[in-house]
Number of protein chains: 2
Amino acid sequence: MPHELRRPERTFTIRQLCLEFKCTPRALRFYEDKGLLSPARQGLNRVYSYKDRARLQLILRGKRVNLSLAEIREILDLYDKRDGGASQNATALRKFRERIVTLEQQREDLDQAINLLKTSCQAIEDQLSHTRPDLLAEAEQPAAPPTTHRVGQRHPEHVR
Amino acid sequence: MPHELRRPERTFTIRQLCLEFKCTPRALRFYEDKGLLSPARQGLNRVYSYKDRARLQLILRGKRVNLSLAEIREILDLYDKRDGGASQNATALRKFRERIVTLEQQREDLDQAINLLKTSCQAIEDQLSHTRPDLLAEAEQPAAPPTTHRVGQRHPEHVR
DNA sequence: ACCGTCGTTGACGTTGACGTAAGCGATGAG
DNA sequence: CTCATCGCTTACGTCAACGTCAACGACGGT
């Protein structure tokens, strides 16, 4: 069976993943250090598989919702080790449930925060439209391409 | 006018607020240091008003949705200082709008994460119900009062 | 032969948000 | 009176999550 199943065979260099997911090599190596990733090697060079890519995606998602790397690691570990260790799974189940609760709590907070900010914006707009309509117009522009903000807002590793 | 308007007059000690909101005195003092709170004093002792309590609530909410203390401060400042400084307000407006965008993005992620965890739970349950229904039952209990998790999971300042 | 680019491995620096320890004053219980 | 408890301040320690820097090897191009 020579060349079937081509797709999942694709591999990635560290740079490719970094570009795709807007992170730095340093970060990927760091995740590896912490046991979140373990790409193959060709000589010394890291070679990331599709599965590695998927893991990375999960890592970043996790980060965005405020999970620590340690927590993400737990989840990840559990995910590809769904074999033996039923009791492991049981405790994991509890953890997951707890996590869901706190995440839903967070969703609450998030909604409230969004509303708060929105009404604040409205208030400011109203006030400005009375006093300085010019500034109001000026504030319309996003001023920059959508800042990812918070997590991963700075990028470099050789920005000079 | 002796004893009317009793409710909003209530004040709190640092310890009371800490107990209520599950944080440490150290944290409150820290927030004060950073200009997020400025309780009154009786001698040296801090006396927190209802408004201070409200601010604290906002601070913690902010933290839970991943705002930095600096960002929270901006919001707070803006909120009780809605007077002059129109141009200040204009730039704040832009910032707020950006923030809203990223928060809504976060909400997306959060929903996805929740779904992921929920389906994971379902999978584990299914598997367990085949192999070890006993453990499944055991996992039902929350095991502990709802862990606040993430931010402020450790509490002390003299746990010895 | 030399440069630039991409990759590697340490090792140290940094930032935010507190924790922890030391030392002291005021107050109420035994 | 002594002790514990609550509070205060100042100062240093810590932890996560990388950034930054140095020094090196393997390439492709000119």
Side-chain angles (χ1 to χ4, degrees), chain A residues 11-48 52 56 59-74 76 148-160, chain B residues 11-48 52 56 59-74 76 148-160:
Chain A
T11 63
F12 308 82
T13 108
I14 197 172
R15 194 66 65 169
Q16 287 173 332
L17 288 186
C18 286
L19 287 179
E20 181 173 359
F21 293 108
K22 290 284 187 184
C23 54
T24 71
R26 180 66 179 92
L28 294 204
R29 295 182 200 122
F30 185 74
Y31 298 152
E32 187 173 344
D33 235 58
K34 296 291 167 175
L36 300 187
L37 287 175
S38 36
R41 300 284 182 132
Q42 284 194 16
L44 281 185
N45 291 23
R46 290 165 175 85
V47 181
Y48 295 89
D52 292 322
L56 178 55
I59 293 170
L60 298 179
R61 244 204 262 293
K63 290 200 36 148
R64 263 172 287 162
V65 299
N66 234 354
L67 300 180
S68 74
L69 292 190
E71 291 165 325
I72 297 175
R73 203 179 89 96
E74 286 187 68
L76 250 31
T148 306
H149 232 338
R150 185 69 291 179
V151 100
Q153 67 273 47
R154 33 199 172 246
H155 186 300
E157 161 148 337
H158 257 166
V159 190
R160 287 276 70 178
Chain B
T11 63
F12 308 83
T13 109
I14 196 172
R15 193 68 63 170
Q16 287 173 332
L17 288 187
C18 287
L19 286 179
E20 181 173 359
F21 294 108
K22 290 283 187 185
C23 53
T24 71
R26 179 67 180 94
L28 294 204
R29 296 182 200 121
F30 184 75
Y31 299 153
E32 186 173 345
D33 234 59
K34 296 291 167 176
L36 300 188
L37 287 175
S38 35
R41 300 283 182 131
Q42 284 195 18
L44 280 185
N45 291 22
R46 290 166 175 85
V47 182
Y48 296 88
D52 292 322
L56 178 55
I59 294 172
L60 298 178
R61 246 204 263 292
K63 291 199 34 149
R64 264 171 286 160
V65 298
N66 234 353
L67 299 180
S68 75
L69 293 189
E71 291 166 323
I72 297 174
R73 204 180 88 95
E74 287 187 68
L76 251 33
T148 306
H149 232 337
R150 181 71 290 180
V151 101
Q153 65 271 50
R154 35 199 172 246
H155 186 297
E157 160 149 338
H158 257 165
V159 191
R160 286 278 64 179

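For the numbers below, each heavy atom of this structure counts, side chains included, while hydrogens, waters and symmetry mates do not. Reminder, nothing fancy here: chain letters follow the sequence lines and each chain counts from 1. Here the structure is a predicted model, which means the values were calculated and not measured.
For Lys63(A) and dA16(D), the shortest distance from a side-chain N or O to OP1 or OP2 is not below 4.0 Å. For the pair Thr13(A) and dG7(C), the criterion of a side-chain N or O lying under 4.0 Å from OP1 or OP2 is met. Close to dC8(D), at under 4.0 Å from its OP1 or OP2, lies a side-chain N or O of Arg46(B). Dashed line: the shortest gap from a side-chain N or O of Arg15(A) to OP1 or OP2 of dT8(C) is not under 4.0 Å. The shortest distance between the side-chain N/O atoms of Arg26(A) and the OP1/OP2 oxygens of dT20(D) is not below 4.0 Å. Contact annotation: Tyr31(B) side-chain N/O to dA17(C) OP1/OP2 distance is not under 4.0 Å. Here Thr24(A) reaches the OP1 or OP2 of dG19(D): one of its side-chain N or O atoms lies under 4.0 Å away.
Nearest heavy atom pair, residue Val47(A) against residue Asp52(A), reads O-OD2, 4.0 Å. When all heavy atoms of Asn66(A) and Glu71(A) are compared, the pair lying nearest together is O-OE1, 4.3 Å. Here the shortest heavy-atom pairing between Leu28(B) and Leu17(B) reads CD1-CB, 4.0 Å. Heavy atoms only, all atoms of each residue included: Arg73(B) and Gly35(B) are closest at CG-O, 3.9 Å.
Between Arg41(A) atom CZ and dT8(C) atom C1' the separation is 8 Å, expressed in whole Å. Look at OH on Tyr48(A): it is 16 Å from P on dC6(C), rounded to the nearest Å. Here the C1' atom of nucleotide dC18(D) and the CG atom of Leu36(A) are 13 Å apart, to the nearest Å. Separating the CZ atom of Phe30(A) from the C1' atom of dA11(C) is a distance of 14 Å, rounded to the nearest angstrom. Arg64(A) places its CZ atom 16 Å from the P atom of dA17(D), with the value rounded to the nearest Å. Note: CD1 (Ile59(B)) to C1' (dG16(C)) measures 15 Å, nearest angstrom. In this structure, Lys34(A) places its NZ atom 11 Å from P of dC18(D), rounding to the nearest Å. The CG atom of Leu28(B) sits 13 Å away from the C1' atom of dG7(D) (whole-angstrom rounding).
From Asn45(A), atom CG reaches atom CD1 of Ile14(A) across 9.5 Å, with rounding to the nearest 0.5 Å.
When the nucleotides dG7(C), dA17(D), dA17(C) are ranked by their closest atom to the side chain of Ser68(B), dA17(C) comes out on top. Comparing dT8(C), dC8(D), dA17(D) by their nearest atom to the side chain of Ile14(B) picks out dC8(D). Relative to the side chain of Leu69(A), the nucleotides dT8(C), dA17(D), dC8(D) differ in distance, and dA17(D) lies closest.
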